[in-house]
Amino acid sequence: MRSTSRRYHLVLACVLVAIGLFLAGWAYQLQHGLIVTGLADWGSSGGVTWGLYIGAFIWWVGIAHGGIILSAAVRLLGMDRYMPVARLAELLTLAGLSVAGLYIIIHMGRPDRMVTSILGNYHVTVHNSPLVWDVTVITLYFVMTATYLALTLRYDLVRLRDSLPDRFEPLYRLLTAGYTEREDPVVERMVWWLALAIIILAPLLLHGGVIPWLFALIPTMPGWFGSIQGPQFLTIALTSAISGVIILSFAFRAAYGWDHIISDDVFRGLTLWLGFFALLFLWLQLQQIVGGSFAAPLDQSAATSAKLSHPVYLIAIGMVGVSLAYIFAQAIRPSLFSKPRAVLASVTVLTATLLEKVFFVVEGLMYPTFSLYEATPGSYVPSLIEMGSVVGTVAIVVLFFMVVSKVIPVVELHAIEHLQERETAEDELEPPADAAEMEVGT
Amino acid sequence: MIDDDNEPSIEERVSAFRGDDWEDEMRAVLDEGEYDTELGIQMARDARRLVAGELEEADFHERYHDAVVEEFGVDDRPLETSDESAASGHLPVAAETDEEELERREVLQKMGAAGAFVGLGAWATAENRDESASAEAAASDEDDPNRQWGMVIDLDKCDGCLSCVIACSQENQTSAGSNWMYVFTYEDDDQDGENFLVRTCQMCTNAPCEKVCPTTARHTRTEDGLVLTDYDVCIGCRYCQVACPYGVNYFQWGEPDVPGSEIDPHHAYDDRGRWVDSRPPKGVMGKCTMCPTRQDDPDRRGTTGCEDACSMDAIYFGDMNDPESDPNQYLETVREENPTDRETFANRPSDRVSTFRLLEELGTEPNVVFVGNEPGPNAKQVEGPVSYEEMGQVDRRKDVLDEETFAGGVFS
């Protein structure tokens, strides 16, 4: 944590350049309007009004699910194996939700009015608009996750204070204000309940509810309409989230040499979970294809056949299929497993879910029920500014982790203590101070 | 302004497209009827002059009073000169008793298709202006709590001239391709030749666009049911456009073609002081408004730009909740003109007129009623009798928008 390598600075420079380019693109968009995107009106104009920005927004909210899956696994189901990566996943939730929120702002024609127009009319619009529910639930999820993180951090910060850099002293003092050891069991119970609350909220409301409802409740876009979107979105979120955690864990293990903390066992387990969620994802896609092809109404048939004949959809589904095939194979023959392969499968799945989500948004708007317009289905190719936003937001998340890992311990002290207990049991003694040092990075 | 001096006017464009065809078509219809064809044609010509302001309404009635009485047996049109009308303080129409009104409707019925065709719609439009000029009428208009502005559009009358499209874009100064008014020409399985669908905002009572709006910018004006966008509140999320089944929304993706300095504030702010009319500013959603600032103006209440421009009298704007309004009267007239032979077929509906509301099954409760055939599931939009380009308009707006897409050319 206290020493910074050359590689760190190099990555930091790349990340800052990417963010700079993204911000320049956004500034250009603010100046000229959304006309700089590849978007246009649907209908007589021959375009789609939502595209990559909304697709990427859904994608990031999906990735943000990682936090709760891991926390729930550890706190509620007692799967201690994943304890070392739980906090990384929680931080990914905060980062993912933040850039998802950023996408909502980028997507607006008049972002300057976000506060006045949305908050000012909240008491009216919350009764109707799925977009308002969406903002509400994302905010709630963010606050709950941040609270969870803040509570669990107190224990660690107090005990590791001597190993932490002094320049952040005010921050540590704020985060540990009023700490006494008597609160430990209370906090432990509080975070258990918080984890339970989030695990109910997240699948039922967030990606299993409110986010898909943005689309699933619009009856005149048959590619979107229907109750399957809830479960379908949830599987996309879960695959993206697990992929994100695998990549993140791999990066931290490589950067800090945490081979004994984030063990191969963690990767094997996460990879299997990725396979399971990918299977669910493909299964629900199949349900939609069968339902939309057999004897569906005309509008839905058109949307389904368009989907099946579009290379983006086929490539996305194919990528998930290939990843699943690999995961299945390595489950049967463990020698096929390697961490780089698991990371490759994760990157493949994340690319596929981004493609699928953007395609879902665009394709839905291209095949409306009212299809008399000759210009419909229209066309859409994202502009460089839109594509740059994906690189830019990924860079923001990377930057977030690079900064956070220098400020707070990104692995829970509980996890280290847990590992030590095991090691003690195996008669491999190690002084606690070293463990703490390992835990916050070197 | 969009209009520069060298550009031909709407009338010139339309007549260049239509030539004398309208007269031929009209003559054919009139010949089928039982009344005097030449009288009908002459009245139609003068009705057009009346709408264009070249002829006073009273002069029009004076010119045709005798002939109409001779032909139809009765004429309740006002005979006062325009000077007399002004002096008398209110117009005869406003003072009409129920009995007189009944007689007038009877005449309308008698004149039948011929009367409707030769421009009684235009006549009624001119009359509406006078009607609302009356302070009394205006006061009673204001008080009507159940008003719901809407339209009856007779697709059988539309000839696809696009004058409504041009008039709307000029009146609202919309950017190229923002076709708030859009006319489809389409071919369909069981319909021969060219069919038209005139697409305005459907002014839904149960508007999906309003329901999804995260800001209340898209709202229904309570006093008259117009579905409008408050340009000062809209955040440009475009969810309204996503939720609208009809595709009537046009976002202001970049700087508008007509700068704000050229927008007349009287044509932008409605009576409530909300900016809901004319083209939207950058980053905000626009769509057909059915001219709220006209509805706020007692002199122009009950009119829209497209209705005024339609020389085929296909568009009837008015209060859909008032049985006496233009659109409802027109529907009644058309229905009465096409009765079913109930002596032979006792159980059939009373008339043979096909009417529909667009995608009514979605439960949006649209306030636009169409007379004519509904496009079927296999209907296909085709090139119209005149193209948008010929009329100086843009059909596929994306072509214009793509010019400013950042590095769009890299991929296309």
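Naming: A, B, ... by sequence-line order, numbering from 1 per chain.
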[atom1]-[atom2] distance between [X] and [Y], expressed to the nearest 0.5 angstrom:
{"X": "A/Glu386", "Y": "B/Thr405", "atom1": "CD", "atom2": "OG1", "result": "8.0 Å"}
{"X": "A/Ser45", "Y": "B/Asn179", "atom1": "OG", "atom2": "CG", "result": "7.0 Å"}
{"X": "A/Thr37", "Y": "B/Trp253", "atom1": "OG1", "atom2": "CH2", "result": "5.5 Å"}
{"X": "B/Lys287", "Y": "A/Asp41", "atom1": "NZ", "atom2": "CG", "result": "14.0 Å"}
{"X": "A/His32", "Y": "B/Phe406", "atom1": "NE2", "atom2": "CZ", "result": "9.0 Å"}

Nearest atoms (heavy-atom pairs only) where [X] meets [Y]:
{"X": "B/Arg238", "Y": "A/Leu34", "result": "NH1-CD1, 3.1 Å"}
{"X": "A/Gly47", "Y": "B/Lys398", "result": "CA-CD, 3.7 Å"}
{"X": "B/Leu401", "Y": "A/Leu39", "result": "CD1-O, 4.3 Å"}
{"X": "B/Cys237", "Y": "A/Trp50", "result": "O-NE1, 2.9 Å"}
{"X": "B/Cys213", "Y": "A/Ser129", "result": "O-CB, 3.5 Å"}
{"X": "B/Arg396", "Y": "A/Glu374", "result": "NH2-OE1, 3.5 Å"}

What part of [X] lies closer than 4.5 angstrom to a heavy atom of chain B: side chain, backbone, both or neither?
{"X": "A/Leu30", "value": "backbone"}
{"X": "A/Thr376", "value": "neither"}
{"X": "A/Trp224", "value": "side chain"}
{"X": "A/Ile218", "value": "side chain"}
{"X": "A/Met221", "value": "side chain"}
{"X": "A/Leu214", "value": "both"}
{"X": "A/Leu372", "value": "both"}
{"X": "A/Leu298", "value": "side chain"}

B/Lys282 side chain vs A/Gln31 backbone, donor-acceptor pair below 3.5 Å: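 Checked: pair present.
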Heavy-atom pairs under 4.5 Å with chain B, option from A/Gly43, A/Ser117, A/Gly38 with the top count: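 It is A/Ser117.
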Closest-packed option against chain B by number of heavy-atom pairs under 4.5 Å, given A/Thr49, A/Val132, A/Thr220: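 Most pairs with chain B among the choices: A/Thr49.
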Given heavy-atom pairs under 4.5 angstrom as the criterion, report whether the side chain, backbone, both or neither of [X] touches chain A.
{"X": "B/Ile235", "result": "both"}
{"X": "B/Pro375", "result": "side chain"}
{"X": "B/Tyr186", "result": "side chain"}
{"X": "B/Lys380", "result": "backbone"}
{"X": "B/Phe251", "result": "both"}
{"X": "B/Asn249", "result": "backbone"}

If you count heavy-atom pairs within less than 4.5 Å of chain A, which of [options] leads?
{"options": "B/Gly254, B/Pro377, B/Ser178", "value": "B/Gly254"}
{"options": "B/Gly177, B/Cys234, B/Pro281", "value": "B/Cys234"}
{"options": "B/Glu403, B/Gln241, B/Gln252", "value": "B/Gln241"}

Criterion side-chain hydrogen bond (donor to acceptor under 3.5 Å, both in side chains) on A/Ser44 and B/Tyr250, from CA distance to verdict: CA-CA 9 Å; A/Ser44 68; B/Tyr250 293 87; 2.5 Å; yes
B/Val242 side chain reached by A/Leu365 side chain, heavy atoms, under 4.5 Å: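 Yes - at least one pair of side-chain heavy atoms lies under 4.5 Å apart.
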Given A/Thr125, A/Asn121, A/Asn128, the one that forms side-chain hydrogen bond (donor to acceptor under 3.5 Å, both in side chains) with B/Thr216: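 Testing each of A/Thr125, A/Asn121, A/Asn128 against B/Thr216, the sole residue satisfying side-chain hydrogen bond (donor to acceptor under 3.5 Å, both in side chains) is A/Asn121.
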Donor-acceptor pair between A/Tyr373 and B/Arg199 side chains, under 3.5 angstrom: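 Result is yes, a qualifying pair exists.
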Pair A/Leu217-B/Lys211, side chain to side chain contact (heavy atoms under 4.5 Å, CB included): steps then yes or no: CA-CA 11 Å; A/Leu217 301 184; B/Lys211 204 176 265 183; over 6 Å; no
Parallel, tilted or perpendicular: ring planes of A/Phe370 versus B/Phe184, cut at 30 and 60 degrees: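 Rings of A/Phe370 and B/Phe184: perpendicular, as their planes differ by over 60°.
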